[in-house]
Number of protein chains: 2
Amino acid sequence: MQDHDNLTENDCKMTVRIKDVALAAGVSVATVSRALGDGPVSDELRKKVEAAVAATGYLPNLSARRLRSQHSHTIGLIVSDIRNPFFTAVSRAVEDAAYAVGMRVILCNTDENPQKEAMYLRLMQEERVTGVIFAPTRATAQKLDPQQLGFPVVLIDRAAPPGHADAVVLDNAEAASLLVEHLLAQGYQRIGGLFGNTSTTGAERYAGVLAAMQRHGLQAEARFIAPTPEAAEQAMRAWLAEPAVPQALIASNGLVLLGMLRGARAAGIAIPQQLALAGFDNDNWTELAGPGLTVIEQPVYDIGRTAMKMLLERLEDPARSARKVVLSGRLVVRGSTSA
Amino acid sequence: MQDHDNLTENDCKMTVRIKDVALAAGVSVATVSRALGDGPVSDELRKKVEAAVAATGYLPNLSARRLRSQHSHTIGLIVSDIRNPFFTAVSRAVEDAAYAVGMRVILCNTDENPQKEAMYLRLMQEERVTGVIFAPTRATAQKLDPQQLGFPVVLIDRAAPPGHADAVVLDNAEAASLLVEHLLAQGYQRIGGLFGNTSTTGAERYAGVLAAMQRHGLQAEARFIAPTPEAAEQAMRAWLAEPAVPQALIASNGLVLLGMLRGARAAGIAIPQQLALAGFDNDNWTELAGPGLTVIEQPVYDIGRTAMKMLLERLEDPARSARKVVLSGRLVVRGSTSA
DNA sequence: GATGGCATTGAAATCGATTACACAACACCT
DNA sequence: AGGTGTTGTGTAATCGATTTCAATGCCATC
C-alpha cells in the first residue's frame with residue numbers, strides 16, 4: 001500500500017511497471033500500452049512515452065502481456081533427443097524462423113518415451129502455446145488428436161494417420177529406394193539393415209527397402225532396434241558374429257549408422273571390402289569416417305523451416321484440411337559402398 | 001475415458017478456469033488453488049477438488065500463475081549455436097536438470113553476435129526468468145553486470161573477469177598442456193594451432209599451449225579465426241600451401257577441428273604421416289575419422305548439470321560471492337598423433 | 001449553429017491465477 | 001471459564017499488462 005516516490009534513479013531495486021512509465025510521461029497507462037504496440041497515438045505523446053521508457057528503463061512483463069492478450073507468442077518443439085544431429089539442425093531452423101516472427105521456443109526431449117510425450121503435451125497446454133512442432137513416437141502419433149489439444153500441431157520426421165495433422169516428412173520410400181538401387185548397381189545382392197523400432201520412420205524406410213528389393217525379385221533382411229548408437233552397436237556385433245551376414249547393410253538413421261560403424265570396427269570388419277555400409281542423415285562425420293559413408297542427405301534446415309511455415313499458415317486458417325509436405329532426400333555416394 | 005457423455009459435455013470449446021473448478025467442487029477458488037499447491041486443505045475438500053479437476057479437465061494457466069506468484073520457473077540458456085555438439089550436450093544436461101526441478105528452458109542462439117546477445121538478455125529480463133546460463137563472447141563477458149540484469153547468471157565455457165559472475169569452465173591451460181606434452185612426447189617439436197577469436201576460450205587454450213611450449217624452451221605458432229568449420233578449413237588450406245608448416249596442429253574446438261581435417265583432406269595431406277592433428281571436444285566422429293583423432297574430452301554433460309546446480313545454489317543464497325568451478329579435461333589419445 | 005464523423009485519450013474492466021486478511025471452529029492451556 | 005493458538009476456509013486484493021467503452025476535441029458538412 002505504500003507509495004514509492006523514489007523516482008530518483010533508474011532501477012534502484014523496484015521493477016518499473018507500465019504505471020510508472022505513464023506517470024513519468026504524464027499520460028495514461030492505456031496510452032503507454034498503445035504507444036508500445038501499434039495503437040493510434042499522436043506523434044507528440046509517442047515521443048513522450050519513448051522518452052519515459054528510456055528514462056525509467058521500463059521492460060514489459062511478458063507474463064502479464066500474455067495473460068491479458070491471450071497470445072503466448074510461444075511454440076513448443078518436442079523431439080526425442082536434441083543430441084540427435086537431425087533434430088539439432090531442425091531445432092536451429094525452427095528457432096531462427098520463430099524468433100524472426102517474434103516467437104519463443106520451448107524445447108522438450110522425450111527420449112522416445114510416450115509418458116514424457118504426454119507430460120510435455122500437457123505442459124504445452126498449460127503454457128497456452130500458439131502451436132507445437134512435434135516428432136512423436138508411433139504410439140503417440142496414432143492416438144494424437146490436435147482438435148482436443150487446443151493448439152495446432154505440425155509433425156516432423158514421422159507422420160500420423162492421414163488427415164489428422166499437418167506434417168513435414170521425408171519421402172522415406174523413395175529415399176530407401178535410392179539407396180537400394182545404388183547398392184544393387186554396385187553389385188550387392190544380399191542386403192539387410194537395422195531400423196529404429198519406436199517411430200514410423202524406421203518402419204517406412206524398411207518398407208521402402210523391401211519394396212525396392214522386391215522389384216528386383218530379391219528379399220531383404222531387417223532387424224528392429226531401439227534407435228540409439230548403443231543398441232545399434234550391440235545388434236551389429238551380434239549380427240556380425242553370425243554365419244551368414246548380408247553383403248551390404250543399411251542404417252535407418254544417423255545414430256544407428258554410428259553404432260553400426262562402431263560395431264563393424266570392433267569386429268574388425270573392413271568397409272567396404274568385407275561389408276558395404278550406408279544409411280540416412282548426412283551428419284558431419286559421415287564424410288570423414290573411414291572411406292566416407294554413403295548416405296541419404298535430408299534437407300534438415302529446410303524441414304525445420306517448412307514446419308514453422310506450415311504452423312504459421314495453419315494459424316491463419318485453422319479450418320483448412322491437413323497437409324503433408326513430402327521432401328526428397330539426396331543420395332550422397334561415398335567410399336563405403338564401392339565394391 | 002469411455003464416458004462419452006462427459007466428454008461431449010465438458011471440453012467442448014470453453015477453456016476451464018479455476019473459478020469453474022471451484023464451482024464444480026462447491027468450494028472457493030482459494031481452496032482450489034491451495035489444494036493444487038501445497039496449502040493447508042482438509043482431505044475431504046482436497047478429494048472434492050481433485051474430482052472436480054478431473055471432471056472439468058482443468059489445466060492451470062501458467063501465465064496467470066507466473067504473473068501473480070512472481071516466479072517464472074523458467075531459465076534461459078544462451079549459447080552461440082546449438083549445432084555445436086558441445087552446446088548440444090550441455091543443453092541436454094541443462095534441460096534434464098531444469099525439468100527435474102520443475103523449470104522450463106528457453107534456448108537462444110547468438111551466433112557469437114554481441115547484438116544478438118544483448119537482445120536475448122533483454123528478452124530474458126522481459127520474461128522475468130529465474131536465471132540464465134550463458135556462454136558469452138569475449139566482448140559481452142567483459143561488460144556483463146549480473147547485478148544490473150536482475151537475475152543470476154552462470155557462465156559456461158567462457159569466464160568473465162573474476163568475481164563478477166558464477167562460472168563453470170574447463171581448465172583450459174591444463175588441458176592444452178596435456179595436449180602439448182603428449183605431442184612433445186611423440187617427438188613433435190614444431191607445433192601450431194588454429195584458435196577461435198571470439199571467446200576467451202580460444203585465447204586461454206592458446207595461452208596454455210604457449211606456456212607448455214615455453215617450459216620446454218619452444219615456441220608455438222598460432223592463428224586466430226572465426227570458430228566455424230568453414231573458416232577453419234579455409235585457414236587450413238592457406239596454411240598448408242605455405243612453405244614451412246608445423247609438424248603438429250591443434251584445434252581450439254570441435255568445429256575448428258572438423259574444418260582443419262577437411263582442409264587437410266582437400267590438400268591431400270596424410271594424417272599422421274605428414275601432419276599430426278589434435279584438438280578439443282571428443283565429438284562422436286573424432287573416434288571414427290581417419291586414424292582417429294587425439295582430443296581433449298570435456299565433461300560436457302557434467303558441465304551443464306553443474307551449471308544448473310550452481311544456478312540453484314545462487315538462487316538460495318544471492319549474496320554469496322561469485323564462484324568459478326573448474327573441471328578437468330581428459331586426454332584421449334588416438335592415431336592422429338602417433339609419429 | 002447544430003450535427004456527425006474521426007482521431008485521440010483516459011478510466012475502468014479484464015485476463016486467471018495466488019495470497020493477505022478476516023474469521024469461525026475447536027483444542028489446549030492456565 | 002476465559003484467553004490463546006491452530007487449522008481450515010472464504011472474500012477480496014493483487015500481479016502488470018491489454019482492451020473496452022465512453023468522452024473529448026476538432027473539423028467538415030449541412
Checking B:Thr31 now: which residues fulfil side chain to side chain donor-acceptor pair (under 3.5 Å) with it, not counting sequence neighbours?
B:Ser28
Expressed in angstrom and rounded to an integer, what is the separation of B:Glu127 atom CD from D:dC15 atom P?
21 Å
Basic-acidic side-chain contact under 4.0 Å: B:Asp302, B:Arg305
yes
Pick from B:Arg314, B:Arg323, B:Lys309: which one makes a salt bridge (charged side-chain N to carboxylate O under 4.0 Å, His left out) with B:Asp166?
B:Arg314
Looking at D:dG16, I'd like to know if its phosphate oxygens (OP1 or OP2) sit under 4.0 Å from a side-chain N or O belonging to A:Tyr58.
no
Rounded to the nearest angstrom, tell me the gap between atom CD1 in B:Ile18 and atom P in C:dT19.
11 Å
Rounding to a whole Å, what distance do you find between B:Arg128:CZ and D:dG16:P?
8 Å
Under the rule for side chain to side chain contact (heavy atoms under 4.5 Å, CB included), what residues qualify as partners of B:Ser80, not counting sequence neighbours?
B:Phe87, B:Thr110, B:Glu112, B:Arg158
Which nucleotide in C:dC15, D:dT18, C:dA17 has an atom nearest any side-chain atom of A:Arg65
D:dT18
Could you tell me the separation between the CG atom of A:Leu59 and the C1' atom of D:dA17, rounded to a whole number of Å?
14 Å
Return the set of residues passing side chain to side chain donor-acceptor pair (under 3.5 Å) with A:Glu95 (not counting sequence neighbours), or none when no residue passes.
B:Asn109
Any pair counted as ring-ring contact (aromatic ring centres under 6.0 Å, His included), so long as it reaches residues 23-53 of chain B, sequence neighbours left out
none
Salt bridge (Lys or Arg N to Asp or Glu O under 4.0 Å) filter on A:Arg68, not counting sequence neighbours, yields none
Residues that B:Glu50 engages under salt bridge (Lys or Arg N to Asp or Glu O under 4.0 Å), provided they are two or more places apart
none
Is any side-chain nitrogen or oxygen of B:Gln70 closer than 4.0 Å to OP1 or OP2 of C:dT19?
no
What pairs meet the ring-ring contact (aromatic ring centres under 6.0 Å, His included) rule with one or both residues in residues 88-122 of chain B, with sequence neighbours excluded?
A:Tyr99-B:Tyr120, A:Tyr120-B:Tyr99
Provide, to the nearest angstrom, the distance between the CZ atom belonging to B:Arg17 and the C1' atom belonging to C:dA17.
12 Å
Once you round it to whole Å, what is the distance between C1' of D:dA17 and CG of A:Leu23?
17 Å
Terminal axes of the helix from C:dG1-D:dC30 to C:dT30-D:dA1 (5 end pairs apiece), angle rounded to 10 degrees, sit apart by 50°
Euclidean distance, atom CD of residue A:Glu126 to atom P of C:dA17 [Å, nearest integer]:
10 Å
Give me, pair by pair, the N or O atoms of the protein and of nucleotides 7-14 of chain C that are less than 3.5 Å apart, along with how far apart they are.
from: C:dT9; atom 1: OP1; to: A:Ser42; atom 2: OG; distance (Å): 2.8
from: C:dT9; atom 1: OP2; to: A:Ser42; atom 2: N; distance (Å): 2.8
from: C:dT9; atom 1: OP2; to: A:Ser42; atom 2: OG; distance (Å): 3.3
from: C:dG10; atom 1: OP2; to: A:Ser28; atom 2: N; distance (Å): 3.1
from: C:dG10; atom 1: OP2; to: A:Ser28; atom 2: OG; distance (Å): 3.0
from: C:dG10; atom 1: OP2; to: A:Thr31; atom 2: OG1; distance (Å): 2.4
from: C:dG10; atom 1: N7; to: A:Arg34; atom 2: NH2; distance (Å): 2.7
from: C:dG10; atom 1: O6; to: A:Arg34; atom 2: NH1; distance (Å): 3.4
from: C:dG10; atom 1: O6; to: A:Arg34; atom 2: NH2; distance (Å): 3.4
from: C:dT14; atom 1: O2; to: A:Arg68; atom 2: NH1; distance (Å): 2.6

Using atom CG of B:Leu67 as one end and atom P of C:dT19 as the other, report the distance to the nearest whole Å.
12 Å
